[in-house]
Number of protein chains: 2
Amino acid sequence: MSPFDINRIRELGPAVSNESVEREPGPSPCGACSVRHLTFCAPMAEDELGHVSKIVSTIELHPGDPLFDEGEPADSVYSVTAGAVKVYKLMPDGRRQVIGFLFSGDFMGLAHNDMYAYSAEAITHSAVCRFPRKKLEQLLERFPKMERRLLGMASHELAAAQEQMLLLGRKTAKEKIASFLLHLSKRAEARGQNPNPIAVPMSRTDIGDYLGLTTETVSRTFTQLKTSHLISLQPANKVELVDLQALRDIAEGA
Amino acid sequence: MSPFDINRIRELGPAVSNESVEREPGPSPCGACSVRHLTFCAPMAEDELGHVSKIVSTIELHPGDPLFDEGEPADSVYSVTAGAVKVYKLMPDGRRQVIGFLFSGDFMGLAHNDMYAYSAEAITHSAVCRFPRKKLEQLLERFPKMERRLLGMASHELAAAQEQMLLLGRKTAKEKIASFLLHLSKRAEARGQNPNPIAVPMSRTDIGDYLGLTTETVSRTFTQLKTSHLISLQPANKVELVDLQALRDIAEGA
DNA sequence: ACGCCGCCTTGATCTGCGTCAACACGTCCA
DNA sequence: TGGACGTGTTGACGCAGATCAAGGCGGCGT
């Protein structure tokens, strides 16, 4: 699991160093960001790539750092290049709904009007790429095919959101937790990370706010799954999915 | 009161008839469909419009008629031109989550892969416009700006889905119902219909499956709001929002 | 006109999860 | 070294909403 084997692309734009690459689990803004440009816009011709790399900048975030808040003018779109970020909505009395957890390769900030629809905050030490909206739009003007890629990503997001509605509206606590773990595993695999002892970097409270549960219920359900030998809790916030099929059965409500 | 009782599904082929304009609140496939093309793709040049009208066909649906099922190959995108349609997901044991209610001007079927992510079924006597995916894609090739419109619509959908997550995960039954009624009202207004005594064409069961509640709780909450003089239930499934501000306060959890 | 059938409403009871509370454990810093 | 703090776990109890059950009502077909 070597984080980023750079070589892929060298940044042409500002704030670029073609040598500085961290191989750590920690963020590696530049290298990872390059990789992300590819993911974000791939496949992309050389000239396109040049244009894209000129408009981005990398931001490093520490655990708990806010990136933007719901209601702020949405002047940028972001792509996560390392770490984990949560996006959430708040009610006036403080009730919180986590809309999603973002990892390397995920994007956020596509707003249908001019304001962010949610707040974003780093969970772990993270790095994100910033795409100023104005410049991104100019780029879309120039390379209309990028819109299809964006549309594809938005559709994907939409399908995920609808799946989450089913979870929030109709699943039990146990089904929610099982679905959540399987989802995390699938996404880790998709991004080339170890899908089985999965990293679970977010707190019980965050998980609860994502699944429509309290931290106590999350905790109890974890121990229940552990006691039934479906999962095993490991050090460093890792969770091993011991009986995948049983978890799948539970997640689907079978 | 059956505005039209013609043959069930009447495919209108390439030509959009420009004369048949209905004046009824009931569905009006041809006229409305034309209008919808405009909405779907507006603003659109004359030649574009010509192209679009060549690829669509109109389908008439009666209450309870299915349009497509989750898991089917997604060969078409649909735009509702009259009536009301629900889209929903099912769990193996029959639990149901209604993902959304669609009215005139709404579209569905944007799938991120090749299968529909949900099932669609008419609630009232309805009409929808069918856009074969293949032909739509050719059109997108020819008129890339349409993709921006589609992207805008998808982003809008996404924001709505995220708002619904907050509702499903964190709101009480009363807050859910109040939010739902206000949402219906806003959408009726957006489409130029009466926003106050609002039409509520879907059943209590559908509402419950949309809000993550049972029909009994939906019913009880309606009577509770009625008893508190916040709403008034009128004949023909109409609901009057008597105290808008109080409803808004409840919906926001204030 | 009648009876059937869906949908809605209402009541009684049950329960999954929330709430409140206590405590264990690790980390940080004085 | 100790204590304050944040995070996680566990227990006891309560409640919002689910479940079970019983009508009411209106539309529709014969």
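First the proteins, then the strands, lettered A, B, ... as listed; each starts at 1.
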Do the side chain of [X] and the main chain of [Y] share a donor and acceptor less than 3.5 angstrom apart?
X: Ser185(B); Y: Leu181(B); value: no
X: Ser119(B); Y: Glu70(B); value: yes
X: Asp69(A); Y: Gly71(A); value: no

**OP:** With DNA chain D as reference, determine whether Val218(B) or Ser203(A) sits nearer its 5' end, using the nearest nucleotide of each.
**Re:** Ser203(A)
**OP:** Quick one: sort the Tyr78(A) and Tyr116(A) rings into parallel, tilted or perpendicular, breaks at 30° and 60°.
**Re:** tilted
How many whole angstroms separate atom [atom1] of [X] from atom [atom2] of [N]?
X: Asp93(B); N: dT19(D); atom1: CG; atom2: P; answer: 11 Å
X: Lys174(A); N: dT15(C); atom1: NZ; atom2: C1'; answer: 15 Å
X: Leu168(B); N: dA16(D); atom1: CG; atom2: C1'; answer: 16 Å
X: Leu233(B); N: dT10(C); atom1: CG; atom2: P; answer: 9 Å
X: Arg204(A); N: dC25(C); atom1: CZ; atom2: C1'; answer: 14 Å
X: Asn237(A); N: dT27(C); atom1: CG; atom2: C1'; answer: 14 Å
X: Ile177(B); N: dA16(D); atom1: CD1; atom2: C1'; answer: 14 Å

**OP:** Taking the side chain as every heavy atom from C-beta outward, state whether Leu233(A) and Val239(A) have any atom pair closer than 4.5 Å.
**Re:** yes
Original post:
Can you find a pair of side-chain heavy atoms, one from Lys89(B) and one from Ile99(B), that are under 4.5 Å apart?
Top reply: yes
Original post:
When you measure from every atom of DNA chain C, which of residues 220-232 of chain B have a heavy atom less than 4.0 Å away?
Top reply: Arg220(B), Thr223(B)
Subject >> Within 45° cone and under 6.0 Å: Arg187(A) NZ/CZ vs Phe103(A) ring >> reply: no
Original post:
Which residues, if any, of residues 205-216 of chain B bring a heavy atom under 4.0 Å of DNA chain D?
Top reply: Gly212(B), Leu213(B), Thr214(B), Glu216(B)
Original post:
Can you check side chain to side chain donor-acceptor pair (under 3.5 Å) on Arg130(A) and Ser76(A), steps first, answer last?
Top reply: CA-CA 6 Å; Arg130(A) 181 172 178 274; Ser76(A) 295; 3.0 Å; yes
Original post:
Any side-chain N or O of Thr217(B) less than 4.0 Å from the OP1 or OP2 oxygen of dG17(D)?
Top reply: no
Subject >> For Tyr118(A), all residues meeting ring pair (Phe, Tyr, Trp, His ring centres under 6.0 Å), sequence neighbours excluded >> reply: none
